[in-house]
Engineer: 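Mind looking over this structure? Questions follow.
All values reported here derive from a predicted model rather than from experimental measurement.
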Amino acid sequence: MDGYEFSFKKVRPPEEGERITVKDGKLLVPDNPIVAFIEGDGIGPEIMASARKVMDKAVEAAYKGKRRIVWWELYAGEKAMKIYGELLPQDTLEGIKYTLVAIKGPLTTPVGTGYRSLNVAIRKALELYANIRPTYYFGQPAPHKYAEHDNFIIFRENTEDLYAGIEWPAGSEEARKIREFLKKEFGIELREDAGIGIKPISRFGTQRLMRKALQWAIKFNRKVVTIMHKGNIMKYTEGAFREWAYEVAVNEFRDYIVTEDELYSKYGGKMPEGKILVNDRIADNMLQQIITRPWDYDIIVAPNVNGDYISDEANALVGGIGMAAGMNAGDYMAVAEPVHGTAPKYAGKDLANPTAEILSGALLLDYIGWSEAAQLIRNAVHEAIKRNKVTQDLARHMEGVKPLKTSEYTEELLKIIEELAG
């Protein structure tokens, strides 16, 4: 953002704390970075308060007080409507551009606002093209026989594919024009009562996603990057996704990777030490493979629709989206957010499970290079579950376990972090 002039109407950056900046293509993170947060709607304020407390405690414990986050509140959703008279003010987008990193609670999109989704609007406005969704097993009640092997990170493309929203309803004038064009120019006939959607997947969009995934694999010592696609049928979109992803791996990360073809043609099926295996799987096979052979997979790179399916499936294997963290990232900017929604029936009742928000915070700490604090949070969650210190959504699946309130669970995590840090 060099040379960019920031303009704010109703918010101001904190006087204390320093900005995260970019130099030579890398984030420069001071010991007191300004990090933006958006409370969100429904249970958002409660779980965000919990996440901030846990993140602060983990940072303090991991770095013995030498580092700390300086929080800056920005607004979206219902709270923004009260302050600005709009759901997603420019101040908020400017603020995230200023801090480069942010964490947000879930947001409701009221009917009739012009937004399909505030979450999607933020991703598009800030060009956050990678939806990063990890799946970890912490010992919680889970339906999967091999849950202890479920340790995936899905890199889902965020801006293209069918989710680009290029579609027209059946019976519309636009659909009629598209039908006539296809018939006249290409001899393709569609039924008159068909809705029509367009599925764009570009080389540019694919390759920046794959690049992000491989950078993550190198930074965090991941061993396998799998390209998920339906290229056997959709050859020029998902098939191209596969080819373009391999191009990035071979042309830009040659010193780090071995393709699956090379593994057998050059190395006799034995992985060379220190290398990352890059392979690909057909989407329908991939959806069953993470159930039957989860130990074979690590980072999964997928187009938008496939990524949505497999990330929800992966988290279902370990007990559902109550534990599901997420983060949207661009070249440098990142906004962490839980996968779940606002759960309005639990709002203000001190009952919600804040773990997904907390783990999203851990993911953000990983992103800025504070992985010691991030791992401390994950270890604390694991230990809390081991001790049967859980909120009602998990306790109801655990015989004889008394559920904790949101605030009680948060205090338990803070105590455990202190214990683990010594």
Side-chain angles (χ1 to χ4, degrees), residues 7-11 35-52 71-133 156-167 304-305 307-308 311-312 321-322 324-330 333-348 352 354 356-361 363-364 367:
S7 176
F8 302 107
K9 293 181 179 179
K10 296 190 177 184
V11 295
V35 176
F37 74 95
I38 298 168
E39 283 191 338
D41 301 324
I43 60 172
E46 297 163 79
I47 63 174
M48 178 59 70
S50 175
R52 289 173 57 206
W71 295 103
W72 181 24
E73 184 173 10
L74 300 174
Y75 305 97
E78 294 168 3
K79 201 167 183 179
M81 183 62 77
K82 292 177 183 177
I83 296 170
Y84 289 89
E86 56 182 317
L87 292 167
L88 183 57
Q90 188 62 29
D91 268 1
T92 298
L93 300 175
E94 286 283 293
I96 297 172
K97 290 177 184 177
Y98 182 89
T99 61
L100 292 182
V101 296
I103 181 170
K104 59 177 282 297
L107 292 170
T108 299
T109 301
V111 176
T113 64
Y115 289 105
R116 287 192 176 196
S117 162
L118 288 175
N119 298 320
V120 171
I122 291 170
R123 294 170 195 168
K124 286 187 175 181
L126 300 176
E127 200 65 19
L128 304 176
Y129 54 80
N131 185 213
I132 304 169
R133 291 186 174 182
R156 169 194 176 197
E157 203 287 320
N158 234 356
T159 64
E160 299 187 324
D161 202 354
L162 296 176
Y163 282 38
I166 307 171
E167 59 177 353
N304 206 324
V305 178
D308 199 10
S311 59
D312 277 16
I321 60 174
M327 184 170 69
N328 300 290
M333 274 184 279
V335 178
E337 62 179 0
V339 173
H340 64 68
T342 58
K345 71 177 181 178
Y346 294 117
E357 189 77 65
I358 291 167
L359 293 175
S360 298
L363 196 59
L364 194 67
Y367 192 76

Engineer: Check whether Asn304 reaches the backbone of Asp161 with its side chain - one donor and one acceptor, N or O, closer than 3.5 Å.
Structural biologist: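 Not confirmed, Asn304 side chain does not pair with Asp161 backbone.
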Engineer: Report the distance from atom CD of Gln90 to atom CZ of Phe8, rounding to the nearest 0.5 Å.
Structural biologist: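 Here the rounded value is 10.0 Å.
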Engineer: Is NZ or CZ of Lys10 both nearer than 6.0 Å to the six-membered ring centre of Tyr84 and within 45° of the ring axis?
Structural biologist: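 Pair Lys10/Tyr84 counts as cation-pi.
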Engineer: When rounded to the nearest 0.5 angstrom, what distance separates CG in Leu359 from CD in Glu357?
Structural biologist: 10.0 Å
Engineer: Nearest 0.5 Å please: distance from the OG atom of Ser50 over to the CD1 atom of Ile43.
Structural biologist: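 Nearest 0.5 Å value for the OG-CD1 distance: 10.5 Å.
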Engineer: I want to check something: taking the side chain as every heavy atom from C-beta on, are Phe37 and Leu74 in contact at a cut-off of under 4.5 Å?
Structural biologist: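 The answer is no, as the side chains (C-beta and beyond) never meet within the 4.5 Å cut-off.
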Engineer: To check you understand the geometry: which heavy-atom pair defines the closest contact between Ala36 and Thr99, and what is its length?
Structural biologist: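 For Ala36 and Thr99, the tightest heavy-atom pair comes out as CB-OG1, 3.7 Å.
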Engineer: With rounding to the nearest 0.5 Å, note down the distance linking CZ in Arg52 to CD1 in Ile103.
Structural biologist: 10.0 Å
Engineer: Can you see which heavy atom on Pro106 is nearest to which on Ile47, and at what distance?
Structural biologist: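 That closest heavy-atom pairing would be CD-CD1, 3.8 Å.
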Engineer: Mind checking whether Ile96 and Lys104 have side chains closer than 4.5 Å, heavy atoms only?
Structural biologist: no
Engineer: Among residues at least two apart in sequence or on other chains, which ones pass salt bridge (Lys or Arg N to Asp or Glu O under 4.0 Å) with Asp308?
Structural biologist: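 If we apply the salt bridge (Lys or Arg N to Asp or Glu O under 4.0 Å) test to Asp308, skipping adjacent residues, the hits are Arg133, Arg156.
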Engineer: Is there a donor-acceptor contact under 3.5 Å from the side chain of Glu157 to the main chain of Glu160?
Structural biologist: yes
Engineer: Rounded to the nearest 0.5 Å, what separates atom CE in Met81 from atom CG in Asp41?
Structural biologist: 10.5 Å
Engineer: Taking all non-hydrogen atoms of both residues into account, name the closest pair between Ala356 and His340 and its distance.
Structural biologist: CB-CD2, 3.6 Å
Engineer: Can you tell me which residue among Leu107, Leu118, Ile38 is in a side-chain contact (heavy atoms from CB on, under 4.5 Å) with Leu88?
Structural biologist: Leu118
Engineer: Do Asp91 and Tyr75 touch side chain to side chain, with heavy atoms closer than 4.5 Å?
Structural biologist: no
Engineer: Checking Thr92 now: which residues fulfil side chain to side chain donor-acceptor pair (under 3.5 Å) with it, not counting sequence neighbours?
Structural biologist: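 Once residues adjacent in sequence are excluded, Thr92 has no partner under the side chain to side chain donor-acceptor pair (under 3.5 Å) criterion.
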Engineer: If you define the side chain from C-beta out and look only at heavy atoms, does anything of Leu364 sit under 4.5 Å from Met327?
Structural biologist: yes
Engineer: Are the side chains of Glu78 and Leu87 in touch, meaning some heavy atoms are under 4.5 Å apart?
Structural biologist: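 They are not in contact (no side-chain heavy atoms under 4.5 Å apart), so the answer is no.
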Engineer: Asn328: what forms a side chain to side chain donor-acceptor pair (under 3.5 Å) with it, not counting sequence neighbours?
Structural biologist: Arg123, Asn131, Asn158, Glu337
Engineer: Could you please spell out the steps behind the side chain to side chain contact (heavy atoms under 4.5 Å, CB included) verdict for Leu126 and Lys97?
Structural biologist: CA-CA 8 Å; Leu126 300 176; Lys97 290 177 184 177; 3.9 Å; yes
Engineer: Between Lys79 and Glu73 (salt bridge meaning N to carboxylate O under 4.0 Å), is one present in this structure?
Structural biologist: yes
Engineer: Of all the heavy-atom pairs spanning Ser360 and Gly326, show the shortest one and how long it is.
Structural biologist: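 Closest approach of Ser360 to Gly326: OG-N, 3.2 Å.
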Engineer: Please examine the side chains of Val35 and Trp71, heavy atoms only from C-beta on, and report whether any two atoms are closer than 4.5 Å.
Structural biologist: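 Yes; the side chains approach each other to less than 4.5 Å.
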Engineer: Do Thr108 and Pro344 make a side-chain contact, defined as non-hydrogen atoms from C-beta onward lying under 4.5 Å apart?
Structural biologist: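 Thr108 vs Pro344: side chains apart.
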